[in-house]
Q: 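This is the structure I have questions about; it appears just below.
These figures come from a predicted structure and were not determined experimentally. Scope of the values below: all heavy atoms of this structure, side chains included, with no hydrogens, waters or symmetry mates. Residue numbering restarts at 1 for every chain, and letters A, B, ... go by the order of the sequence lines.
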There are 2 protein chains.
Amino acid sequence: MASGETPRNATLTDVARLAGVSIATASKAINGRAQVRAETRTRVLEAAEQLSFAPNALARGLLQGRTGTVGLLTSDLEGRFSIPVLMGAEDAFGAGQVSVFLCDARGDAIREQHHIRALLSRRVEGLIVVGSRTDPRPPLTGDLPVPVVYAYAPSENPEDISITANNVEAGGLAIDHLLACGRRRIAHVTGDASYAAAQDRSRGAERAMAEAGLELVGGRTFFGSWSEGWGRGVASMILDQYPDVDGFFCGSDQIARGVLDTLREKGRDVPRDISVIGFDNWAVLTTNTRPQLTSVDMNLEQVGRVAARRLFEAIEGQAASGIEELPCRIVTRESSVPVP
Amino acid sequence: MASGETPRNATLTDVARLAGVSIATASKAINGRAQVRAETRTRVLEAAEQLSFAPNALARGLLQGRTGTVGLLTSDLEGRFSIPVLMGAEDAFGAGQVSVFLCDARGDAIREQHHIRALLSRRVEGLIVVGSRTDPRPPLTGDLPVPVVYAYAPSENPEDISITANNVEAGGLAIDHLLACGRRRIAHVTGDASYAAAQDRSRGAERAMAEAGLELVGGRTFFGSWSEGWGRGVASMILDQYPDVDGFFCGSDQIARGVLDTLREKGRDVPRDISVIGFDNWAVLTTNTRPQLTSVDMNLEQVGRVAARRLFEAIEGQAASGIEELPCRIVTRESSVPVP
DNA sequence: AAACCGTCCGAAAAGGCTTTCTGTGACTGT
DNA sequence: ACAGTCACAGAAAGCCTTTTCGGACGGTTT
């Protein structure tokens, strides 16, 4: 600490003494209660200012039973999906008077339990549980005395409040976009089939193709892994087997990047001959590919913000329930310019 | 939420009543104090268990003047450098009994001030300020009643406690690694010259070359932007102008990726003819390049952990001060295999 | 029998704040 | 001049826990 030896935190008593009033009056003056003369109020406020008084939120919380804090429980901070959700939630709460406890369980149930105990002990008024996959997760155990909202990864219990992105719809959006670009022979290559996200997007894509009276290239979705390598390999295979393919819907930007690399190496022109769309809208990938990559954005910050709002409502007692799926959006870049 | 209508939080009084003892005895039993008969203790513990009693940390904090909370103030959560630091800090605290308030100021001084007020009001015992660049930042204003540790972005005030990564040394490490690979004609291409990190790495690199009696290719560092595009362009230029270049030290993995792409297109074999090393060790880039990319890791989680430890020590009164620079490390992958 | 000791438990205070209730003085209406 | 209002300030209770101190009780020593 540069200067100043840790001055004791001023209390309301100090302020009252300095202003020459009782602590009751000081409290009322500071909190804008009515029963105080204007002149007295300013005197108190000046005293508070002078002592740089900050009311002790613990004492206030203890008395009123409202702490103005919530817990944000993530299963892995590392995952790039948790962060935006977390940002959105922090944003929504921080704008109000609510402070956020951050806990990272690192995917460990024991640690999660530990953190929940600690949070309840601190009398948080609610919990947001942020997952790293859209697969439903087991709900928090024990009858918690506070409301819980699940974000990104919904709860397995349909009565819980869950907010996630609508991946089925997103699959349809992607296909519709490629169709609007004039493409008809569209392949869908995606990641690990064990991911609900992969399944959902695939289902949405198939449905959208069917509605257009079409079928995906190869008659199916190509599941693999969430890597560039898979994208490169599968693109090469598809070009060999279905040389008239004119659109790729990729389940992630990483896969899309691999696909683009292969197309480039094989001399296929994107977007003149083939359109490509990725998923996640991850800037480091979308803006560095050649050409820049059109992608689906899951609006994860919005997921976080809505989760925060729902938690707030639940705390206020107007509890909704069930899974709420928020829409995704297409961010168009060079890789999917409509054919003239 | 699923079932059970928000049961009121049990208090120590409830436990005491159920166990048939006074609250004083209940408290002692639960906290392992000596003055309690074993039989009484178990009775109390059973009662506590039955009511799922969690001691009210607010009341305890109010009494003892220790809240067991700290504030984590980031200037932008988005930045990929803040996250690992934040994870490390959360990890170090979470293991103990300390809970973490997360605040994102979004690079806005007003918002930062607002969050600091809120945190002090909640009586945090200390603050960690996480920046997104290694450039020194203005210290928090006002005489804060709690210790502050600056992580990644050090404070401009040398008396403050700051923890960051040693970028000068890292520049030397990278060059030493390339030298150990048998390279002698090494180019250093990096990002925006306005970044302290870029300058530091460059200085370290030049010094290491000088110590080996060598000079960087072109006699200087090539500053540009932190993008693949810059990497591609500058690599192409260097190959034209200094065709005998045999090593690239890149200031970021993005730049390295661009460099690799160009080398690949120009038919240069990495790592047989040319070695490449990146910076940041960002998995999405290092593991997807062809060949996989050797990179410098700044050990940011470690920065976060050390920051947490230093803050803890400062809270305990043993305040160190000054900038502490932690070492980086090389993570070797295929792009820099030693020449036989 | 008196003094003493050790063990275990409970009463009470403290911590900072908000809120309710009571009290005081100045004013209004008749 | 007297009751009745009104505006304002203060006393005190309460939130929940921890800790100190003293009391009760049974047993031991002189």
Q: Anything under 3.5 Å between a donor and an acceptor, one on a side chain of residues 24-38 of chain B, the other on a protein residue two or more places apart or in another chain? List them.
A:
from: B:T25; atom 1: OG1; to: B:S22; atom 2: OG; distance (Å): 3.1
from: B:S27; atom 1: OG; to: B:N31; atom 2: ND2; distance (Å): 3.4
from: B:N31; atom 1: ND2; to: B:S27; atom 2: O; distance (Å): 3.0

Q: List in chain and number order the residues that pass side chain to side chain contact (heavy atoms under 4.5 Å, CB included) with A:D297, two or more places apart in sequence or in another chain; answer none if no residue qualifies.
A: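 Per chain and number, A:D297 pairs via side chain to side chain contact (heavy atoms under 4.5 Å, CB included) with A:N281, A:N299, A:R329, A:V331.
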
Q: For A:L58 and C:dT18, what is the distance between atoms CG and P respectively, to the nearest whole Å?
A: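 So the two atoms are 13 Å apart, to the nearest Å.
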
Q: Strictly under 4.0 angstrom, non-hydrogen atoms only: write out the protein contact profile of nucleotides 13-24 of chain D, one letter per nucleotide from the 5' end, B, S or -.
A: -BBBBBBB----

Q: Keeping to residues at least two apart or across chains, list the side chain to side chain donor-acceptor pair (under 3.5 Å) pairs with something in residues 44-59 of chain B.
A: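 Of all non-adjacent pairs touching residues 44-59 of chain B, none passes side chain to side chain donor-acceptor pair (under 3.5 Å).
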
Q: Hey, could you give me each pair passing ring pair (Phe, Tyr, Trp, His ring centres under 6.0 Å) that has a residue in residues 36-71 of chain B? Not counting sequence neighbours.
A: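 As it turns out, there is no ring pair (Phe, Tyr, Trp, His ring centres under 6.0 Å) pair with a partner in residues 36-71 of chain B once direct neighbours are skipped.
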
Q: Rounded to whole angstroms, how far apart are CZ on A:R37 and C1' on C:dG25?
A: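 A:R37 atom CZ is separated from C:dG25 atom C1' by 11 Å.
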
Q: So, using side chain to side chain contact (heavy atoms under 4.5 Å, CB included) as the criterion, who are the partners of B:R137 when residues are at least two apart?
A: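 Listed in chain order: B:E112, B:V129, B:L140, B:Y150, B:A153.
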
Q: If you fit an axis to the five pairs at each end of the helix from C:dA1-D:dT30 to C:dT30-D:dA1, how big is the angle between those two axes, to 10 degrees?
A: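 End-to-end axis angle: 60°.
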
Q: Using a strict threshold of under 4.0 Å (side-chain N to carboxylate O), is an ion pair present between B:E313 and B:R309?
A: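 Between B:E313 and B:R309 there is no salt bridge, as every charged N stays at least 4.0 Å from the carboxylate O atoms.
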
Q: Give the table of side-chain donor-acceptor pairs shorter than 3.5 Å for residues 86-96 of chain A, with sequence neighbours excluded, one pair per line with atom names and distance.
A:
from: A:E90; atom 1: OE1; to: B:R106; atom 2: NH1; distance (Å): 3.4
from: A:E90; atom 1: OE2; to: B:D104; atom 2: N; distance (Å): 3.0

Q: Can you tell me if the side-chain N/O atoms of A:T40 get under 4.0 Å from OP1 or OP2 in D:dA9?
A: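 Yes, such a contact exists.
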
Q: Going by side chain to side chain contact (heavy atoms under 4.5 Å, CB included), name the residues that satisfy it together with A:T13, two or more places apart in sequence or in a different chain.
A: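 Partners of A:T13 by the side chain to side chain contact (heavy atoms under 4.5 Å, CB included) criterion, ordered by chain and then number, come out as A:T11, A:I23.
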
